[in-house]
Amino acid sequence: DHCVAFDDPTARELIELFHPDVYVKGGDYLPQLLLEVEAVERHGGQVRILSYLEHRSTTALAERIRAAR
């Protein structure tokens, strides 16, 4: 299992490089609006959308870590 940070607007280039079995996004995303879905599925992977949990976003977590410094 791996987690990769990236600066591009989407993870398409990483998907083309690594061919993940599972690509996960938070519940605030809709699969039909994700540009990455086609690349994941073309390489045999699955896209999973996790349930949205208020106050549990990656962005909020990063903000709390920065504020604690």
Side-chain angles (χ1 to χ4, degrees):
D1 298 337
H2 299 282
C3 180
V4 179
F6 55 94
D7 292 325
D8 295 333
T10 72
R12 277 177 106 170
E13 288 186 38
L14 291 171
I15 291 166
E16 295 293 348
L17 181 64
F18 293 116
H19 306 167
D21 294 321
V22 180
Y23 181 70
V24 179
K25 294 292 279 187
D28 50 340
Y29 290 92
L30 298 172
Q32 59 269 32
L33 299 179
L34 292 172
L35 300 174
E36 302 95 328
V37 170
E38 184 275 328
V40 171
E41 293 176 346
R42 182 166 27 86
H43 293 292
Q46 300 175 13
V47 175
R48 296 284 187 227
I49 305 297
L50 299 180
S51 298
Y52 179 77
L53 298 174
E54 191 172 351
H55 307 295
R56 300 288 179 152
S57 72
T58 306
T59 302
L61 175 61
E63 289 172 359
R64 286 195 305 272
I65 291 168
R66 286 187 189 113
R69 289 184 179 181

Provide the full list of side-chain hydrogen bond (donor to acceptor under 3.5 Å, both in side chains) pairs with a residue in residues 22-33, sequence neighbours left out, each pair given once.
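Of all non-adjacent pairs touching residues 22-33, those that pass side-chain hydrogen bond (donor to acceptor under 3.5 Å, both in side chains) are Tyr23-Glu36.
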Applying the 4.5 Å side-chain criterion to the ILVMFWY set and letting contacts propagate, would Leu17 and Phe6 be lumped into a single cluster?
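Result: yes, single cluster for both.
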Answer with yes or no whether the hydrophobic clustering places Ile15 together with Val4; edges join I, L, V, M, F, W, Y residues whose side-chain heavy atoms lie under 4.5 Å apart.
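Per the 4.5 Å side-chain linkage, Ile15 and Val4 are not co-clustered.
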Is there a side-chain contact between Leu34 and Val40, using heavy atoms and a 4.5 Å cut-off?
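When only atoms from C-beta onward are counted, Val40 and Leu34 do not touch, as no gap falls below 4.5 Å.
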How close do Pro31 and Ile49 get, counting heavy atoms only, and between which atoms?
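Taking Pro31 first and Ile49 second, the nearest heavy atoms are CG-CG1, 3.7 Å.
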Does Glu41, at its CD atom, have more than 12 non-hydrogen atoms belonging to other residues, nucleotides or ligands within less than 6.0 Å?
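Yes, CD of Glu41 has more than 12 neighbouring heavy atoms, counting only those of other groups under 6.0 Å.
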Could you list the donor-acceptor pairs under 3.5 angstrom formed by side chains in residues 60-69, with sequence neighbours left out?
none

Roughly how far, to the nearest 0.5 Å, is CD of Glu38 from CZ of Arg12?
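Spacing of CZ (Arg12) from CD (Glu38) equals 6.0 Å.
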